[in-house]
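Note sheet for the following structure.
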Amino acid sequence: MVKALLFDMDGLVFDSEKVVQRSWNMAGNTLGYGDIGNHIYNTLGMNAKSRDEYFKGVFGEEFPNDQFRDLARENFYTIVEKEGLTVKPGARELIFYAKQLGQRTAVVSSSRKPYVEEMFKRAGLYEYFDTFVCGDMVEKSKPDPEIYEKACKQLGVKPEYCIAFEDAPAGVESAAAAGVYVIMVPDLVQPDQQIRNKAWMVIDTLEEAIDILRREARE
């Protein structure tokens with residue numbers, strides 16, 4: 001019996017990964033590092049601490065992480081204010097349907113909590129979640145299971161009664177390692193066979209998930 005749904009955010013609920021990539025390119029060029037947006041493919045699921053370590057490993061200890069992060073954030077919000085941030089197909093409907101069923105809901109994102117909460121408030125979805133567990137609230141980033149273990153504990157629901165929705169391989173590994181069933185909805189990165197084996201299902205859009213929940217409710 002499904003008692004709770006756990007949602008990643010970037011690339012899953014919001015079509016934000018491409019905006020992040022653009023903001024990184026802009027910040028990289030400002031700082032003299034050129035287009036570095038493609039590094040997002042290597043950092044999906046990382047929290048800020050792990051991402052800082054990654055950039056220092058690639059560009060050297062002198063890489064200005066704080067300055068880069070501030071510039072990237074400023075660029076991101078500039079783009080969002082101008083162009084908006086799209087909610088991905090089926091996301092709203094799935095969240096509303098989960099609440100109709102009386103299921104608990106959580107956002108489980110590697111991003112910082114202030115950013116996560118702001119994005120959901122902007123989209124009018126904040127009130128539909130029982131808890132938010134974010135990258136600045138844990139020591140280890142995805143694919144470590146810590147963030148999903150914490151989310152299940154805060155919801156008061158055992159992992160085996162939860163379904164997580166993830167778009168990136170690191171998120172799939174994190175949820176699966178915590179004992180949560182994972183439905184992957186790929187965004188920037190397609191899963192290899194190893195990731196497919198760890199996911200309960202791989203679907204194209206969140207629209208498909210509503211039918212899955214209906215079948216589970218009937219069973």
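Below, each value reflects all heavy atoms present in this structure, side chains not excepted, and no hydrogens, waters or symmetry copies. Position 1 is the first residue of the sequence; numbering continues from there.
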Using atom types as modelled, flag every donor-acceptor pair under 3.5 Å from a side chain in residues 40-49 to any protein atom, sequence neighbours excluded.
unit_1	atom_1	unit_2	atom_2	d
Asn42	ND2	Tyr54	OH	2.9
Thr43	OG1	His39	O	3.3
Thr43	OG1	Ile40	O	3.4
Asn47	OD1	Lys49	N	3.4
Asn47	OD1	Ser50	N	3.0
Asn47	OD1	Ser50	OG	3.1
Asn47	ND2	Gly135	O	3.4

Test of understanding: with side-chain hydrogen bond (donor to acceptor under 3.5 Å, both in side chains), list the residues that count as partners of Glu127, not counting sequence neighbours. none
Within the 4.5 Å heavy-atom criterion, are Thr131 and Arg104 side-chain neighbours or not? no
Does Asp8 reach the main-chain N or O of Phe165 with its side chain, forming a donor-acceptor pair under 3.5 Å? no
Evaluate the ring planes of Phe63 and Phe55, with Trp represented by its six-membered ring, and classify them as parallel (under 30°), tilted (30 to 60°) or perpendicular (over 60°). parallel
For Leu94, which of Thr105, Ile212, Leu213 qualifies under side chain to side chain contact (heavy atoms under 4.5 Å, CB included)? Leu213
Is there a donor-acceptor pair closer than 3.5 Å between any side-chain N or O of Ser174 and the backbone N or O of Ala170? no
Please answer whether the main-chain N or O of Gly171 pairs with a side-chain N or O of Lys142 as donor and acceptor at a distance below 3.5 Å. no
For Asp136, what residues pass the side-chain hydrogen bond (donor to acceptor under 3.5 Å, both in side chains) criterion, not counting sequence neighbours? none
Do the two ring centres, one from Phe129 and one from Phe132, sit under 6.0 Å apart? yes
So the ring pair (Phe, Tyr, Trp, His ring centres under 6.0 Å) pairs with at least one residue in residues 183-214 (sequence neighbours excluded) are Tyr181-Trp200
Contacts of Ser16 meeting side-chain hydrogen bond (donor to acceptor under 3.5 Å, both in side chains) (sequence neighbours excluded), chain-then-number -> Asp10
Asn197 and Gln193 side chains, donor-acceptor separation under 3.5 Å: yes
Which residues satisfy the ring pair (Phe, Tyr, Trp, His ring centres under 6.0 Å) test with Tyr77, sequence neighbours excluded? none
Under 4.0 Å between a side-chain nitrogen and a carboxylate oxygen: does that hold for Glu118 and Lys113? no
Of the non-hydrogen atoms in Gly11 and Asp167, which two are nearest, and what is the gap between them? O-CB, 3.5 Å
Can you check whether Gly37's main-chain N or O pairs, donor with acceptor, with Asp35's side chain at less than 3.5 Å? no
Taking the six-membered ring of Tyr161 (Phe, Tyr or Trp), confirm whether the NZ or CZ of Lys3 is under 6.0 Å from its centre and within 45° of its axis. yes
Pair Tyr33-Phe68, ring pair (Phe, Tyr, Trp, His ring centres under 6.0 Å): steps then yes or no: CA-CA 10 Å; Tyr33 289 88; Phe68 172 78; 8.3 Å; no
